[in-house]
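Below: one structure, written as structure tokens.
The chains referred to below are lettered A, B, ... by the order of the sequence lines, with proteins before strands, and numbering in each begins at 1. As the structure is a computational prediction, the values presented were derived from the model and not from experiment.
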There are 2 protein chains.
Amino acid sequence: MSQTVDRALSILPLLAEGPADLGRVADRLGVHKSTALRLLRTLHDHGFVYRQADQRYRLGARLISLAQEAMENLDVREIAHPHLVRLNEQVGHTVHLAVHEEDEVLYIDKVESRYPVRMYSRIGKPVAITVAAVAKLLLADLPEDERRNIAEQLDYPMYTARSTPNADGFLKELAKVREQGWATDLGGHEESINCVAAPIRGADGRVVAAMSVSAPNVVVTADELLTLLPLVRRTADAISGEYSGRTPVKEVTA
Amino acid sequence: MSQTVDRALSILPLLAEGPADLGRVADRLGVHKSTALRLLRTLHDHGFVYRQADQRYRLGARLISLAQEAMENLDVREIAHPHLVRLNEQVGHTVHLAVHEEDEVLYIDKVESRYPVRMYSRIGKPVAITVAAVAKLLLADLPEDERRNIAEQLDYPMYTARSTPNADGFLKELAKVREQGWATDLGGHEESINCVAAPIRGADGRVVAAMSVSAPNVVVTADELLTLLPLVRRTADAISGEYSGRTPVKEVTA
DNA sequence: TGATCCGTTGCAAAATCTGCAACGATCGTT
DNA sequence: AACGATCGTTGCAGATTTTGCAACGGATCA
């Protein structure tokens with residue numbers, strides 16, 4: 001692993017917290033100012049950081065457009081999108097698509113609810129991995145040792161009283177999800193929001209993505225939302241079929 | 001400028017074209033395979049690249065979530081969003097927000113049209129800088145020498161017969177836009193799509209962002225779209241006011 | 001089974017990066 | 001208005017880090 005590159009890349013998450021000046025960056029990196037300057041300059045030349053009018057640095061536009069291209073290269077997303085839109089037209093609620101990669105689960109597509117009350121989320125945002133229905137589906141598909149490994153390394157923040165409290169509970173939940181082939185999140189992340197989710201599988205049967213329908217209590221009760229499960233599963237299966245049919249490369253988590 | 005970091009960063013745009021294996025990356029970089037391997041490993045450790053099941057590399061999720069954070073740090077976007085939504089509710093068409101940075105203009109927010117016929121665009125996507133109404137507004141505000149500089153370095157692809165053909169025409173258009181304080185794109189990017197745009201200004205009067213309303217011919221004619229101009233300008237002014245009122249530069253977290 | 005392709009590792013030479021110290025500019029204070 | 005402090009910037013020499021090489025092992029294919 002290259003030290004110089006390692007340091008340079010460490011600057012980016014740091015700047016994601018907010019703009020910072022040279023001294024601050026050097027401090028946080030634990031290097032001399034001149035070193036930090038040279039790293040920042042290189043990042044700047046590539047457009048990854050931007051220098052504000054007040055000379056402080058922040059993340060640059062190149063990062064945003066690259067991320068955009070990264071998402072457009074995801075086959076699943078391309079295939080799934082029309083299905084998500086159709087499902088949204090049928091049920092009206094927010095529809096999400098998520099994938100798992102390394103230690104994160106993140107939304108790669110979203111169709112907004114037609115109801116005035118919407119849940120907050122954004123494409124590209126990492127999901128609450130210990131409680132989100134889509135996260136459970138994606139992790140439940142991993143081999144058991146990996147599952148245990150990940151479960152033990154996670155934090156278990158108690159977003160609500162119903163949040164998954166610890167690794168043990170999480171593993172139990174994953175086993176259940178794995179068995180039943182679908183998942184829910186009933187107020188585990190935000191008190192008043194429920195989700196039902198179903199997995200999207202590749203040709204080899206492994207889960208490559210997961211989709212969910214989310215709605216706040218004030219619009220539909222959890223029970224009402226659960227009646228949509230068959231529809232969600234059918235949609236997910238349709239995407240799986242299309243994806244398996246013409247997938248040139250399998251993009252699965254190792 | 002740091003050579004190692006420079007090389008490492010060059011890998012990312014390369015992978016944005018699509019997944020590539022080690023040999024290909026090494027070739028394109030003009031370095032030995034072992035060198036490319038070490039760079040890729042470092043990028044991998046930071047989650048910027050991801051290794052597919054077939055061992056090829058592609059852009060990683062960390063890039064996407066970082067870009068997400070980068071956008072959430074943009075003050076203008078936060079302030080503008082509710083205004084964009086309201087405008088969208090009034091006119092129904094697609095509403096965009098864009099900023100200029102270095103040599104790119106890109107969308108940082110979007111509210112979808114309520115009509116079935118929608119234009120294709122995505123948050124984070126660089127806009128067609130020579131024709132887009134928002135791009136003209138953002139560039140028109142630059143000092144004259146910078147404007148000329150940029151205009152001469154740009155390419156002028158003829159998307160349609162009405163696209164800006166060359167630097168000269170572009171500079172004339174910028175001058176006009178600068179004068180009138182608003183801009184249009186009438187079929188300059190896609191034959192059937194028109195836009196009207198207005199600038200958002202900071203406390204010092206400089207243009208910090210631009211917003212636009214876009215609609216295809218089949219929904220409203222260009223003339224009809226132009227009748228929305230006063231409303232668009234009022235919205236932009238409202239955002240400008242709110243933006244100027246607050247701290248021009250964001251505060252650093254401790 | 002043999003040949004080829006690709007990713008991976010250890011090593012020594014060499015180029016690159018690092019920290020230092022000093023400079024200049026900006027800004028706030030006395 | 002001058003002084004001091006802060007911050008970004010530059011040239012340099014030493015030293016660490018990086019690089020390319022060559023060889024290895026595993027996989028695929030004929």
Expected output: side-chain B/Arg178 to main-chain B/Ala140 donor-acceptor under 3.5 Å: yes
Side-chain donor/acceptor of A/His100 to backbone N/O of A/Glu104, under 3.5 Å: yes
Taking distance alone, no hydrogens or angles, what donor-acceptor pairs closer than 3.5 Å link side-chain atoms of residues 2-16 of chain B to residues at least two apart or in another chain?
from	atom 1	to	atom 2	distance (Å)
B/Ser2	OG	B/Val5	N	3.4
B/Asp6	OD1	A/His46	NE2	2.4
B/Ser10	OG	B/Asp6	O	2.7

Between D/dT9 (P) and A/His44 (NE2): distance, integer Å: 11 Å
Member of A/Ile200, A/Leu97, A/Thr235 meeting the side chain to side chain contact (heavy atoms under 4.5 Å, CB included) criterion with A/His83: A/Thr235
Listed partners of A/Tyr50 passing ring-ring contact (aromatic ring centres under 6.0 Å, His included), at least two apart: none
Side-chain N or O of A/Arg24 closer than 4.0 Å to phosphate OP1/OP2 of D/dT6: no
Protein-nucleotide distance (A/Leu22, atom CG; C/dT26, atom C1'), rounded to Å: 15 Å
Where protein sits on nucleotides 16-23 of chain C, one letter per nucleotide: B base, S sugar-phosphate only, - none, heavy atoms under 4.0 Å: SSBBBB--
Heavy atoms of other groups near B/Glu179 CD, more than 12 under 6.0 Å: no
Difference in axis direction between the ends of the helix from C/dT1-D/dA30 to C/dT30-D/dA1, five pairs, 10°: 40°
Set of residues satisfying salt bridge (charged side-chain N to carboxylate O under 4.0 Å, His left out) with respect to B/Arg206, sequence neighbours excluded: B/Asp141
Test salt bridge (charged side-chain N to carboxylate O under 4.0 Å, His left out) applied to A/Glu69 - qualifying residues, sequence neighbours left out: none
